[in-house]
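Each chain gets a letter, A, B and so on, in the order its sequence line appears, and its residues count up from 1. All values below were derived from every heavy atom in this structure, side-chain atoms included, with hydrogens, water molecules and symmetry-related copies excluded. Since the structure is predicted, the reported quantities are computational estimates derived from the model, not experimental observations.
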2 protein chains.
Amino acid sequence: MPKSLRSPRHQRFLAELISLRKAKGLTQAQVAEKLGRPQSFVAKYEGGERRLDLIEFLDVTTALDADPCKILSSLRS
Amino acid sequence: MPKSLRSPRHQRFLAELISLRKAKGLTQAQVAEKLGRPQSFVAKYEGGERRLDLIEFLDVTTALDADPCKILSSLRS
DNA sequence: GCATCATATCCCAAACTGGGATAATCCGAA
DNA sequence: TTCGGATTATCCCAGTTTGGGATATGATGC
């Protein structure tokens, strides 16, 4: 796993994304489909194997039908 | 400039960060100082030479004393 | 056990990053 | 104008990260 993805905040962020996905009853493959990406893409960012930049993050929140601001506020530190 | 950083949304995002920095009367070096990074770090992300992941983005908004949610909303597409 | 769905990992060439040094630009004062 | 300091952009390139199809591993029900 890349060095930069081990911080507690990042961990919380990932946990939040996973939790949101499951709350919507979506699989990684379904999210990947909405994003037009392979399932391994979702597996990687959820697993902290790959970073999401801001635009990708917005795309993911759209796919999850989630509010990006709420997620950000859960990351305030 | 890396391929993935050329989208119009990303461009708007960068323009927003630059605009915010200048509105605060800060130089790249001052922002870099707050971030504990070299000036070239700021020059690179502002120039689209490097991506910011979500955590880095939050750190930058903190350094700029800006509201991350407002920035996100300016990126709605 | 076995089928099926879901998630994690492999592989490795291609793409991206770090950051000190240095070049290029900007800008106000004289 | 021209000069000089302040500010921003670019260089370099080894080390790190990413893409995504294929495949392994794990979870669940029967």
Rounded to whole angstroms, how far apart are [atom1] on [X] and [atom2] on [N]?
| X | N | atom1 | atom2 | answer |
| --- | --- | --- | --- | --- |
| B/Asp53 | C/dC16 | CG | P | 16 Å |
| B/Lys44 | D/dT10 | NZ | P | 11 Å |
| A/Glu33 | C/dA6 | CD | P | 13 Å |
| A/Gln28 | D/dG26 | CD | C1' | 12 Å |
| B/Glu46 | D/dT7 | CD | C1' | 11 Å |
| A/Lys22 | D/dA27 | NZ | P | 11 Å |
| A/Glu56 | D/dT17 | CD | P | 16 Å |

Ion pair check, B/Asp59 and A/Arg9, cut-off under 4.0 Å:
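A salt bridge is present here (some side-chain N lies under 4.0 Å from a carboxylate O).
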Any donor-acceptor pair, under 3.5 Å, between the side chain of B/Gln39 and the base of D/dA9, if you only look at N and O atoms?
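Counting by modelled atom types and ignoring angles, a donor-acceptor contact under 3.5 Å is found here.
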Within the pair B/Arg21 and D/dT8, is there a side-chain N or O less than 4.0 Å away from OP1 or OP2?
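Yes, within the criterion.
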Using only side-chain N and O atoms of B/Arg37, determine if any of them is under 4.0 Å from OP1 or OP2 of C/dG19.
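Indeed, a polar side-chain atom of B/Arg37 lies that close.
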Tell me which nucleotide among [options] gets nearest to the side chain of [X].
| X | options | result |
| --- | --- | --- |
| A/Phe41 | D/dT18, D/dG19, C/dA6 | D/dG19 |
| B/Ser40 | D/dG19, C/dG19, D/dT18 | C/dG19 |
| A/Arg51 | D/dG21, C/dG19, C/dT17 | C/dT17 |
| B/Arg50 | C/dT9, C/dG19, C/dG18 | C/dG18 |

Under 6.0 Å between ring centres: does that hold for A/Phe57 and B/Phe57?
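That pair fails the under 6.0 Å test.
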Gap between atom [atom2] of [Y] and atom [atom1] of [X] - 0.5 Å precision:
| X | Y | atom1 | atom2 | value |
| --- | --- | --- | --- | --- |
| A/Ile55 | B/Arg12 | CD1 | CZ | 8.0 Å |
| A/Gln30 | A/Arg21 | CD | CZ | 9.0 Å |
| B/Leu72 | B/Glu16 | CG | CD | 10.5 Å |

By nearest nucleotide on DNA chain D, pick out whichever of B/Glu49 and B/Gln30 is the more 5' one.
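Looking at DNA chain D, the more 5' nearest nucleotide goes with B/Gln30.
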